[in-house]
Amino acid sequence: MKTFKIFVCACLLGSVNFTSAQNDKKMNQYIDALLAKMSLEEKIGQLNLVTAGEVTTGTAVSTDVESKIMSGSIGGIFSMTSPQRIRQAQELAVNHSRLKIPIIFGMDVIHGYKTIFPIPLGLAASWNMPLIRQTARVAAIEATADGLNWTFSPMVDISRDARWGRISEGSGEDTYLSARIAKEMVIGYQGDDLRKNNTLLACVKHFALYGAAEAGRDYNTTDMSLHRMYNEYLPPYKAAIDAGALSVMTSFNDINGVPASANHWLLTDLLRADWKFDGLVVTDYTAVNELVDHGLGDLQQVSARSLKAGVDMDMVGEGFLTTLKKSLAQGTVRTQDIDRACRNVLITKYKLGLFDDPFRYCDPARQKKETLTDEHLSLARKAAGESFVLLKNQAQTLPLKKQGTVAVIGPLANTGANMPGTWSVSADLENTASLVEGMRAALDSKVKIVTHLGANLTDDSALQERATMFGRTIPRDERAPEVIIDEALQTSQQADVIVAALGESSEMSGESSSRTDLNIPTSQRRLLEALIKTGKPVVLVLFTGRPLTLTWENEHLPAILNVWFGGTQTGNAVADVLFGDINPSGKLPVTFPQNIGQLPLYYSQKNTGRPLKQGAWFQKFRSNYLDVSNDPLYPFGYGLSYTTFSYSDIHLSNTKINSGESLTASVQVTNTGKYDGQEVVQLYIRDLVASQTRPIKELKGFKKIALNKGESKTVEFTISPEDLKFYNQQLEFSSEPGVFKVFIGTDSQDLQETEFELTI
Ligand code: NOJ
């Protein structure tokens, strides 16, 4: 029986390889023939990605798009939407340009298209891999139904500095969790066949290390050791590529002295040679031009350098379009550099099936039928509910009873436009329900909801303007803060419970939204103080795109539910969780610090030569601060439930293994509380002694399980030889013999532990 199985597998494998080799041959012949017909100008034209101008993320805007399409000077367009408009542009390319080469149409489809899911950091908090894959699938269905075939997602930049606004767009601080999510997103977008009319080309970004910008300031420099890069920051990009992502976007930042968009080591030695990536490399928005400001030369010099480093497509800046011909004549780039880049663009179009049918994504009937469907909306509601993290719930303040009156107070209570969160450019802001509207709809008049602004987002009106751009408005009241608070208190008088809807506006995180103060703004803190004084229970429903410093709130409030930005269905989902229809199960994908001075703060730190003794928070001449402990406010992996879970000791299948062997670690988890619930069981490992210092723990597995009240389940993890390996000083990926600790538990601090030995 065994032999038969192996035989069948080998046959299948053989035939698959044979078919894909045949396909590759056919594709290469097609592309070679096309390249042979192309003029130099047409080849360079393919390297030009322009914006249709609907969405811009810089100061440059593309011009003369129509005539450039017809002259063959455009390879791709982004931020153009609708099947009709895209058909028109595609018709210009395939009917009016000399070689009829179709255009690729891209967009930032980051966390949903029309149906918006939680921001990526929120989605990561669900730790639910099938759910995350499904959200990407739905995004692909809706975006392709609107004419698109390329998304600039997933964003997989690890970030450990909450000052960086774009921490909201990624999966947080952890290498393993981010890599798992990267894979799911790519599979969700690209599906099993990129030629289908509902699959979307993924673009892993921002390659690389964008999330490690110094001081959390956007676009700032990154300087990092190779062993940190390989062990901690690069794996998510690699995971996306291994999952089949066919395009990569270079990042804006400098990496150890050479900006990513001109970095030959990064884009050619690592990406192409070591990782065997054979897809398309596109820059970020005007990143080639920005090399001039980085100090690498004039536009012609930097364009040549970027192409030779391995960039194929130039986003918006047109440095390639305007200078490469001259550089070729002067010998600073070679024909084969231009051919290589052009080939990669054409192959991508071929793989999308655009040469067979350039209009395969232009079906208005699909757009109507497959957008914002009930199925998509209920997935968005589920995803939002699973992304919320219950940070505090003293004396079971939550769930609330579905009765009486609830006052929903705060600047985030009545703004539909802020619910989708940052980078949701295709969301219909006008028709997105606000928190209060969503809650009212979900509660179906069982609970009376009264509401008031309570406080401005911030006292600083200029800051509020910067923090509510792109239509993400929040009502502003210019009267004295005390007057607004008094009114809110009057509104709250009739309420049994107060829900304070506070935190950040959606544009306080995201691109170009770095911050140096992560407290809830003073205007809102003032409101909270007044609400607490009423003596009524106050539940903080926290909106945020990043970890905030919540030490005061944690001390003074009985309950805090972090809802990030939950997308289209935020209001409904908040009602689901606050009133107990859904038991919260989100866990933090990023550490919440006590104060901003602790940043960067992350759980997988090194021990240092002077660690604190267990239980101590300060010891002279040890690694700590005088004024605050090293502890986070809420650790990575943390999140409460309405029920409680208990963990048994860990059982290992073996306490000694050799380097080729796996072992299993299991625990029994019991729901000991009064509600059915879900728990994210987390596995961490520590390599106690090695040739280089290793983190005090690293996530190496997790399982999200459902447990009815009173129920127990055994959760088993396989620890594979790969899980014990790391990149050593020679950048070899290998394990070293010795003792390893294994931790399993409910978050990165509350863990059972045991150990095993790895022998050679
Ligand atoms: C700049 C951003 O950094 C990137 O994430 C985005 O994909 C491009 N602009 C295109 O909008």
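Ligands are counted one by one from 1 in listed order, and the atoms in each one are counted from 1 as well.
- Close approach of ligand 1 to F152 (heavy-atom distance below 4.0 Å) involves ligand atoms 7 (O).
- Residue-to-ligand polar distances keep W423 apart from ligand 1: every N/O pair is separated by 3.5 Å or more.
- A donor-acceptor pair under 3.5 Å links the side-chain atoms of D254 to the main chain of V258, judged by distance alone.
- Within ligand 1, the atoms closer than 4.0 Å to a non-hydrogen atom of R166 are 2 (C), 3 (O), 4 (C), 5 (O), numbered from 1 in the order shown.
- With hydrogens and angles left out, the side-chain atoms of Q464 and T468 include no donor and acceptor closer than 3.5 Å.
- In terms of modelled atom types and a separation under 3.5 Å, the side chain of R472 and the main chain of G421 share a donor-acceptor contact.
- Considering backbone and side-chain atoms alike, D108 places an N or O below 3.5 Å from some N or O of ligand 1.
- Panel note: side chain S251, backbone A260; no donor-acceptor pair is recorded below 3.5 Å.
- For ligand 1, the polar-atom distance check against Y285 finds no nitrogen or oxygen pair separated by under 3.5 Å.
- Each of the atoms 1 (C), 2 (C), 3 (O), 4 (C), 6 (C), 8 (C), 9 (N) of ligand 1 lies under 4.0 Å from some heavy atom of D284.
- Residue H206 touches ligand 1 through its side chain alone, judged by heavy-atom distances below 4.0 Å.
- With a 4.0 Å heavy-atom cut-off, ligand 1 is reached by no atom of M155.
- Ion pairing between a basic and an acidic side chain is recognised when a charged N comes within 4.0 Å of a carboxylate O; R163 and E214 show no such pairing.
- For ligand 1, the atoms lying closer than 4.0 Å to a non-hydrogen atom of F78 are 10 (C), 11 (O).
- Between R160 and D174, no side-chain nitrogen of the basic residue sits less than 4.0 Å from a carboxylate oxygen of the acidic one, so the salt-bridge criterion is not met.
- Between Y210 and ligand 1, no pair of N/O atoms sits closer than 3.5 Å.
- Short contacts between ligand 1 and K205, defined as distances under 4.0 Å to a heavy atom of the residue, involve ligand atoms 4 (C), 5 (O), 6 (C), 7 (O).
- When each of R340, R343, Q46 is tested with D312 by the rule side-chain hydrogen bond (donor to acceptor under 3.5 Å, both in side chains), just one qualifies, namely R340.
- A salt bridge does not link E507 with R466: every distance from a Lys NZ or Arg NE/NH1/NH2 to an Asp or Glu carboxylate oxygen is 4.0 Å or more.
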